[in-house]
Amino acid sequence: MTSTDTEISTAVRQLRDLSLSAARAAALRAATQLGLADVITDTPVSLADLAAEVQADPNALRRLLRALTWQGVFAELEDGTYAHTEQSLLLREGTPDSLKDIVLWSTEPWTFELWPLLADSVRTGKAAFPKLHGDDFFGYLRTEAPESAATMDRAMTQSSHLSMQAVVDGLDLSQAVKVVDVCGGRGHLIAALMTRNPKIQGVLFDTQEALDNADRRLHEGGELAARASLVAGDIRESIPVEADVYVLKNILEWNDENAVAVIRSVVAAAPPNARVVVIGNVVDASPEVTFTTSVDLMLLLNVGGGRRTMKEFRTLIEKGGLHVESAQPVDAYLALLECTVAS
Ligand SMILES: C[S@@+](CC[C@H](N)C(=O)[O-])C[C@H]1O[C@@H](n2cnc3c(N)ncnc32)[C@H](O)[C@@H]1O
């Protein structure tokens, strides 16, 4: 096949575009930080009003919006005012389908520190994060970058929210008595499972900082408090909870060594015949290849881990001492693996 001039110019255009894709991520972050999506309502807004409202330089704001409207985030109307698009509506604060915190989490300052170190990680196959801040990524967030940790918690809540209903529908707890969500973040999943299954007791296990910000329904005085316990600890050491169901959702993306250590903590805590339910993103069938492969590379950089195929998941889980009884999709992204402690 020979290359025509048009094909060459398309290749050049695409490659130059790719090489500056960090600018697009930065523009999206800036618009989100400025809160533009909450200023534009049903009525289009002029540049001057927008600039005044978010306290921005009008010319620089116009340039930011030019970069974004080109991508379909906000629209510039013929009279020069700005209106929402389907994408920009998702940047609003507090709406049920908001992706605001997911956008912020994906573009946190530490991500921009890590991307230039990708070649190093590809050479070593290991995380680059320890070179910058030590080898405990989550510990760093909680102690050194608490705003980023709070963004993580909100982003996890947003992304869990997107799949929550499917998980609650797909997880049969009719025979369960006590269910622990291991590293369950702010506890929205365990709260939803307890609401759906009014007889179960629910335990949220995570760091103290995560528990402090947990779903109010689980705290003293909350509507689920009588059936709920909040247990703080370090998953790499032990899980001081005996339950008949252990839920592990999106926590095995760490490097193999840490992921296996997590599974071994569960195996050590679980009584005989306990169910262990592993829920995670599998790359095999991802409908968003660019997003999935990008997350995979970020996980390599920060925790030395990554997204796994179903086969890799099974191998890892069995290495940790669990037996995979069955596997089924929860939705287009998530799989649910029913496991038992291997005898
Ligand atoms: C990727 S989030 C997953 C949260 C939740 N399972 C979900 O699906 O939304 C990882 C969680 O692990 C917790 N975590 C990280 N390191 C931990 C540790 N050493 N001990 C206990 N929890 C930890 C974090 O606080 C965070 O809530």
Side-chain angles (χ1 to χ4, degrees), residues 6 9-116 118 145 147-159 161-162 286-295 297-298 301-302:
T6 319
S9 79
T10 303
V12 168
R13 201 159 41 82
Q14 287 178 336
L15 207 56
R16 290 203 307 202
D17 189 29
L18 259 181
S19 67
L20 273 173
S21 48
R24 280 183 280 168
L28 197 55
R29 180 176 178 84
T32 309
Q33 287 181 307
L34 289 167
L36 296 178
D38 292 309
V39 177
I40 299 174
T41 53
D42 291 343
T43 320
V45 182
S46 70
L47 179 68
D49 286 351
L50 254 186
E53 194 67 39
V54 304
Q55 298 178 357
D57 175 84
N59 189 41
L61 181 61
R62 183 183 57 77
R63 291 161 65 190
L64 176 70
L65 283 162
R66 182 171 61 191
L68 287 166
T69 52
W70 182 244
Q71 307 292 329
V73 183
F74 303 107
E76 184 178 1
L77 306 184
E78 285 198 356
D79 63 359
T81 57
Y82 292 91
H84 268 301
T85 60
E86 243 180 279
Q87 285 191 66
S88 64
L89 281 170
L90 298 173
L91 295 176
R92 289 174 302 168
E93 167 92 36
T95 57
D97 58 355
S98 175
L99 295 185
K100 177 178 176 179
D101 290 302
I102 293 175
V103 166
L104 291 174
W105 173 239
S106 307
T107 55
E108 283 290 275
W110 55 265
T111 66
F112 286 94
E113 284 183 286
L114 283 175
W115 287 123
L118 186 56
E147 281 181 20
S148 200
T151 302
M152 172 179 79
D153 289 339
R154 289 193 302 269
M156 292 304 137
T157 300
Q158 277 176 358
S159 82
H161 178 81
L162 297 173
S286 170
E288 285 180 286
V289 179
T290 312
F291 179 70
T292 300
T293 53
S294 303
V295 171
L297 292 177
M298 179 45 79
L301 283 167
N302 62 1

Distance-only check: which donor-acceptor pairs under 3.5 Å involve side-chain atoms of residues 21-37, not counting sequence neighbours?
| unit_1 | atom_1 | unit_2 | atom_2 | d |
| --- | --- | --- | --- | --- |
| S21 | OG | L18 | O | 2.8 |
| R29 | NE | T107 | O | 3.3 |
| R29 | NH1 | L104 | O | 2.9 |
| R29 | NH1 | T107 | O | 3.0 |
| R29 | NH1 | T107 | OG1 | 3.1 |
| R29 | NH1 | E108 | OE2 | 3.1 |
| R29 | NH2 | E108 | OE2 | 3.2 |
| T32 | OG1 | L28 | O | 2.6 |

Throw together a table of side-chain donor-acceptor distances under 3.5 angstrom for residues 67-81, partners on residues two or more places apart or in other chains.
| unit_1 | atom_1 | unit_2 | atom_2 | d |
| --- | --- | --- | --- | --- |
| T69 | OG1 | L65 | O | 2.9 |
| T69 | OG1 | R66 | O | 3.3 |
| D79 | OD1 | T81 | N | 3.0 |
| D79 | OD1 | T81 | OG1 | 2.6 |

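For the atom pair L50 CG and Q55 CD, the distance stands at 13.0 Å (nearest 0.5 Å). Summarising the geometry, atom CG belonging to L47 is positioned 8.5 Å from atom CG belonging to N59; distances are rounded to the nearest 0.5 Å. To the nearest 0.5 Å, atom CG of residue L20 and atom CG of residue L15 are 10.5 Å apart. Put simply, CE on M298 and OG1 on T293 are 12.5 Å apart, with the number rounded to the nearest 0.5 Å.
A salt bridge (charged side-chain N to carboxylate O under 4.0 Å, His left out) check over residues 94-104, counting only residues at least two apart or in different chains, returns the pairs E93-K100, D101-R154.
Of the possible polar contacts, none joining the T292 side chain to the V289 backbone as a donor-acceptor pair under 3.5 Å is found. In terms of modelled atom types and a separation under 3.5 Å, the side chain of S19 and the main chain of R16 share a donor-acceptor contact.
Judged as a salt bridge (Lys or Arg N to Asp or Glu O under 4.0 Å), and not counting sequence neighbours, R62 has no contacts. Annotation: salt bridge (Lys or Arg N to Asp or Glu O under 4.0 Å) contacts of E113 (sequence neighbours excluded): none. Considering only residues two or more places apart in sequence or on other chains, W105 meets the ring-ring contact (aromatic ring centres under 6.0 Å, His included) condition with W110.
With contacts defined as side-chain heavy-atom distances shorter than 4.5 Å, the pair L297/S294 does not qualify.
Smallest separation of non-hydrogen atoms from L99 and Q158: C-OE1, 3.5 Å. I40 and H84 get closest at one heavy-atom pair: O-NE2, 2.9 Å.
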